[in-house]
Chemist: 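Below: one structure in structure tokens.
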Amino acid sequence: MRKHGVDQIRNLALIAHSGAGKTSLAEAMLFSAGVTDRLGRTDEGTSVLDYDPEEVRRRVSISTSMAPCPWKGHKVNLVDTPGYFDFVGEVLAALRVVDGALLLVDAVSGVEVGTELVAGYARGYGVPLFALVNKMDRENASFSKAVESLSRALKVRAVPVHLPIGVEASFRGMVELVAQKAFVYETDGSGRFKEGPVPQEMAAEAEAAREALIEAAAEGSDALIEKYLAEEPLTPEEIWEGLRRGMAAGKVLPVLCASALRNVGAQAVLDAILALCPSPAQAGPRQGKNPRDQSAETREPLDSAPFSALVFKTMADPYVGKLTLFRVYSGTLCSDSHVYNASRGRSERVGQLFALRGKQQEAVQEVGAGDLAAVAKLQETTTGDTLCDEARPVVFEPVQFPAPVYTVAVQPKAKGDEEKIGSGLARLAEEDPTFKVEKQPETGQILISGTGELHLEVMVDRLRRKFGVDTTIDAPKVPYRETIRGQVKVEGKHKKQTGGRGQYGHVFLELEPLPLGQQFEFVDKIFGGAVPRQYIPAVEKGVREAMQEGVLAGYPVTDVRVTLYDGSSHPVDSSELAFKIAASMAFKKGALQANPVILEPIMDVEVLVPEACMGDAIGDLNKKRGKILGMEPRGGFQAIRAQVPLAEMFRYAIDLRSITQGRGTHSMKFSHYEEVPSHIAQAIIERSGKGKESERED
């Protein structure tokens, strides 16, 4: 593959609500450009870009994939992103490194929830947007309604660049308004088309639409608006330039049309990409910081500038190991060279560089400014790191990934797979920054967290397929605690005679509650040597060990002050072990008498919901025993602050998605422990079986 100049590169993300046809469009463009010799289809498992076994099985995109598409002397780096909410991290990573995004909408459904979300992400990164109304051949398809829904939902001036020729089953092409030409396609999927004049019956409609397009383009710059107001005609180059400026300012949304599945319009879309998507040169320099003194650094998109690149994805390849995907912002990187990881302060050896087309890897000798590429087997580098010239270091802002919001517990089905599951999950977490793994010390469970139910299903499937570990999934256990509400004095005596030297330990303890969060305090009030000094640490140790398993349901005890105030010893039979056992016995007996209660973790929760959903969201939090602390408006949304028991929050990501049709988000962090209501505490005790044990002991 030949190297392209910065002006000849287009880095474009395909973004949309799930099912809008992003991958089908990419396949049609690759086929039309001669990259593939047949039209790949997701529903048949023949897609170039949806190659992961899980994607083939589920027939949806799960991971971001890339494919360079040569077109008219240019290189279009297509970055195909997933549409499901659960894989939003993939979308954010892609948007971080592209210069433009094509937003697809279904000609029947129009703008859906996912459309709004991904458009918002693109705007957040400052990525210029243009749109494509896809599936124009479907029954009830309406180009005009789709354009209206884009304007209304995204609060932007959506202006057609294409007008469809035909509708539903008769859709066969489009009028390109800038050039004032018609493109009529064969409907056999071949992509063959005839170029001609605007059909006579569409002349008036096309003229009006072109006038609206020129007006929108003219508003892109003062020079163009002056020319427009003077009624001087704008050249096609000026129209495209005006549209690009309007896109960059977020004021104009050019709209195309196509039927990707029937390969009607792929070439026209590629032409529009070259005209509308900014090149890396047009996107301008990138800002970063010098890691040594935090001063501002700028990198111009030039091959001659110092090398700099941002890693936006890490993936495990079954043949070459870890594969690192990156965007070069400046300079040139060659195979078999060295780079500096400025994010970690480490040097890395670069082996063979690759251009990726789905799972296919084409070796390249160098990658220039503005391009996307991959390299295998970097040792220290992970997603979000900056690679650069060590003599001119720079660190770019890393990709900001959402925090995981859905958690389950996993365990291997087969005994002996504990080590395999640990290493496998660690590899998957390295590959996906939105996937987290932790061992819960209090419950002993392995917890995996992600952005949704489907996300974790896919990760468990990958664990089985890539690492050979079958697992079972359970609900996470809540790390409850126990404490006491009363104050008691209690005696513990351990006396045992076995024929030789016996065991004797005797203590008097006072148990009293501490304020929440104080955990534990041991007080020594022994006078006169009633308990010899060398045995007092053993008494504290016995108490601490007894606190590991409470008397109600077996949970650790917290927020207790234990005072050792009396006892006795034997000159021969006393030992550290005897006093440890006596203290443990005393604590357990005293805890039962001191009004023990169960505590549960309470989380600080912030929920961001559309104003229309606020009532339902608050009602749901109340059902979950939540306490609403306050609300505040935030850009058309309402931020609800609440405190909610952790036990009620494990499936909240799914509930919130249902309440808000996917528009709501939430975050939470641990706040404190609080007493569990009595009826819930009783159910916890019954589940543990501890209550019956206590009755038998009594």
Side-chain angles (χ1 to χ4, degrees), residues 3 5-6 9 11 77 89 92-99 121 124-127 278-315 321-354 364-403 426 429-434 436:
K3 182 182 173 185
V6 180
I9 294 174
N11 295 312
N77 284 317
L92 294 173
L95 288 171
R96 179 66 177 79
V97 295
V98 296
D99 303 308
Y121 299 145
Y125 276 125
V127 176
S279 70
Q282 292 167 330
R286 295 287 168 161
Q287 304 298 322
K289 288 185 177 181
N290 188 312
R292 293 167 184 163
D293 58 14
Q294 298 304 304
S295 60
E297 290 278 347
T298 300
R299 290 293 180 269
E300 297 286 344
L302 301 171
D303 288 345
S304 57
F307 171 72
S308 66
L310 179 69
V311 174
F312 66 95
K313 184 175 174 63
T314 304
M315 51 197 288
K322 187 169 79 170
L323 203 60
T324 301
L325 281 61
F326 59 92
R327 154 79 186 258
V328 178
Y329 283 116
S330 63
T332 301
L333 180 64
C334 298
S335 294
D336 300 318
S337 59
H338 285 81
V339 295
Y340 181 64
N341 184 327
S343 303
R344 302 181 182 274
R346 301 288 183 89
S347 180
E348 286 271 27
R349 184 188 178 280
V350 174
Q352 180 63 59
L353 297 172
F354 299 101
V364 295
Q365 288 308 303
E366 64 177 10
V367 183
D371 215 345
L372 305 180
V375 62
K377 300 178 181 177
L378 294 185
Q379 299 300 311
E380 305 285 345
T381 301
T382 59
T383 302
D385 288 354
T386 300
L387 303 176
C388 62
D389 181 345
E390 187 170 1
R392 294 286 304 277
V394 64
V395 173
F396 297 119
E397 182 183 351
V399 183
Q400 300 298 321
F401 291 101
E430 184 180 272
E431 190 176 329
D432 184 350
T434 63
K436 303 296 182 188

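Keep in mind the model is a prediction, meaning the values are calculated, not measured. Worth knowing before you read on, the calculation uses all heavy atoms, side chains too, and leaves out hydrogens, waters and symmetry mates.
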Chemist: So do the side chains of Y125 and V98 get within less than 4.5 Å of each other, counting heavy atoms only?
Modeler: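 Answer no - side chains too far apart.
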
Chemist: In the structure I gave you, are the side-chain heavy atoms of F326 and D385 within less than 4.5 Å of one another anywhere?
Modeler: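 They are not in contact (no side-chain heavy atoms under 4.5 Å apart), so the answer is no.
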
Chemist: Quick one: closest heavy-atom pair of G331 and V328, and the distance?
Modeler: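 Closest pair (atom of G331, atom of V328, distance): O-CG1, 3.6 Å.
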
Chemist: Are T314 and T324 close enough that a side-chain donor and a side-chain acceptor fall under 3.5 Å?
Modeler: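 The criterion, which ignores hydrogens and geometry beyond distance, is not satisfied for T324 and T314.
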
Chemist: Is a side-chain N or O of E397 found less than 3.5 angstrom from the main chain of G288, in a donor-acceptor match?
Modeler: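 Not a single qualifying donor-acceptor pair exists.
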
Chemist: Whether the side chain of E390 engages the backbone of V339 through a donor-acceptor N/O pair (distance < 3.5 Å, no angle test) should be reported.
Modeler: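 No, the answer is negative, given that no donor and acceptor are paired below the 3.5 Å cut-off.
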
Chemist: If you measure from the Lys or Arg side-chain nitrogens to the Asp or Glu carboxylate oxygens, is any gap between E348 and R346 under 4.0 Å?
Modeler: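 Answer for the salt bridge query: no.
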
Chemist: Using 0.5 Å steps for rounding, measure from the OG1 atom of T332 to the CG atom of D371.
Modeler: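 T332 OG1 to D371 CG: 10.0 Å, rounded to 0.5 Å.
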
Chemist: Between the side chain of D303 and the main-chain N/O of A369, is any donor-acceptor distance below 3.5 Å?
Modeler: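 Yes; at least one donor-acceptor contact below 3.5 Å.
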
Chemist: When you measure from the side chain of Q294 to the backbone of R292, do you find a donor-acceptor pair of N or O atoms at a distance under 3.5 Å?
Modeler: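 Judged by distance alone, no pair lies under 3.5 Å.
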
Chemist: Report yes if some heavy atom in the side chain of S335 is under 4.5 Å from a heavy atom in the side chain of Q352; otherwise report no.
Modeler: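 Yes, their side chains come closer than 4.5 Å.
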
Chemist: Checking side-chain contact (heavy atoms from CB on, under 4.5 Å) for the pair N290/V394: CA distance, chi angles, key distance, verdict?
Modeler: CA-CA 5 Å; N290 188 312; V394 64; over 6 Å; no

Chemist: If you look at every heavy atom in T434 and G89, which pair is closest and at what distance?
Modeler: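 The answer is CG2-CA, 3.9 Å.
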
Chemist: Can you tell me how far CG of L353 sits from OG of S337, rounded to the nearest 0.5 angstrom?
Modeler: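 Those atoms lie 6.5 Å apart.
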
Chemist: So T381 and L387, side-chain contact (heavy atoms from CB on, under 4.5 Å) or not? Walk me through it.
Modeler: CA-CA 9 Å; T381 301; L387 303 176; 3.7 Å; yes

Chemist: Hey, could you give me the OG1/CZ distance between T382 and R344, rounded to the nearest 0.5 Å?
Modeler: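 CZ of R344 is found 3.5 Å from OG1 of T382.
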
Chemist: Closer than 3.5 angstrom, by distance alone: can the side chain of K322 be matched with the main-chain N or O of L378 as a donor-acceptor pair?
Modeler: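 Yes, K322 side chain to L378 backbone: donor-acceptor pair under 3.5 Å.
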
Chemist: Are side-chain heavy atoms of P306 and R299 found at a separation under 4.5 Å?
Modeler: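 Counting from C-beta outward, P306 and R299 do come under 4.5 Å.
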
Chemist: Has R349 got more than 12 heavy atoms of other residues, nucleotides or ligands less than 6.0 Å from its CZ?
Modeler: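 Yes, CZ of R349 has more than 12 neighbouring heavy atoms, counting only those of other groups under 6.0 Å.
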
Chemist: Quick one: do R286 and E297 satisfy side-chain contact (heavy atoms from CB on, under 4.5 Å)? Show the steps, please.
Modeler: CA-CA 8 Å; R286 295 287 168 161; E297 290 278 347; over 6 Å; no

Chemist: When rounded to the nearest 0.5 angstrom, what distance separates OH in Y121 from CD in Q400?
Modeler: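 So the OH of Y121 and the CD of Q400 are separated by 14.0 Å.
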
Chemist: Of the non-hydrogen atoms in I9 and P280, which two are nearest, and what is the gap between them?
Modeler: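 Shortest heavy-atom contact: O-CD, 3.1 Å.
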
Chemist: Can you find a heavy atom in the side chain of L325 that is under 4.5 Å from one in the side chain of M315?
Modeler: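 Heavy-atom side-chain distance check passes, below 4.5 Å.
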
Chemist: So, for C388 and A342, which heavy atoms are closest and what is the spacing to 0.1 Å?
Modeler: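 Of all heavy-atom pairs spanning C388 and A342, the closest is SG-CB, 3.7 Å.
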
Chemist: Are any side-chain N or O atoms of Q282 and backbone N or O atoms of D99, one a donor and one an acceptor, separated by less than 3.5 Å?
Modeler: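 Answer holds: no.
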
Chemist: Verify, without hydrogens or angle tests, whether R327 (side chain) and V97 (backbone) share a donor-acceptor contact under 3.5 angstrom.
Modeler: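 Yes, the answer is positive, given that a donor and an acceptor are paired below the 3.5 Å cut-off.
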
Chemist: Taking the six-membered ring for Trp and the single ring otherwise, decide whether the centroids of F396 and Y329 are under 6.0 Å apart.
Modeler: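 Yes, they do, as the ring centres are separated by less than 6.0 Å.
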
Chemist: Would you name the heavy atoms of N11 and G370 that are closest together and state the gap between them?
Modeler: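 N11 and G370 have their closest heavy atoms at ND2-O, 2.6 Å.
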
Chemist: How long is the gap from OG on S347 to CG on N341, to the nearest 0.5 Å?
Modeler: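 That separation rounds to 9.5 Å.
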
Chemist: With distance as the sole test, does K313 use its side chain to make a donor-acceptor pair with the main-chain N or O of E431 at under 3.5 Å?
Modeler: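 No; zero donor-acceptor contacts below 3.5 Å.
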
Chemist: Establish, from distance only, whether the side-chain atoms of Q287 and T298 form a donor-acceptor pair under 3.5 Å.
Modeler: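 Side-chain D/A pair, Q287 to T298: present.
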
Chemist: With rounding to the nearest 0.5 Å, note down the distance linking CZ in F307 to CG in D389.
Modeler: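 That separation rounds to 9.0 Å.
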
Chemist: Can you check whether E300 reaches S330 side chain to side chain, under 4.5 Å on heavy atoms?
Modeler: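 E300 vs S330: side chains apart.
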
Chemist: Write down the atom of V127, the atom of L95, and the distance for their closest heavy-atom approach.
Modeler: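 It is CG2-O, 3.4 Å.
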
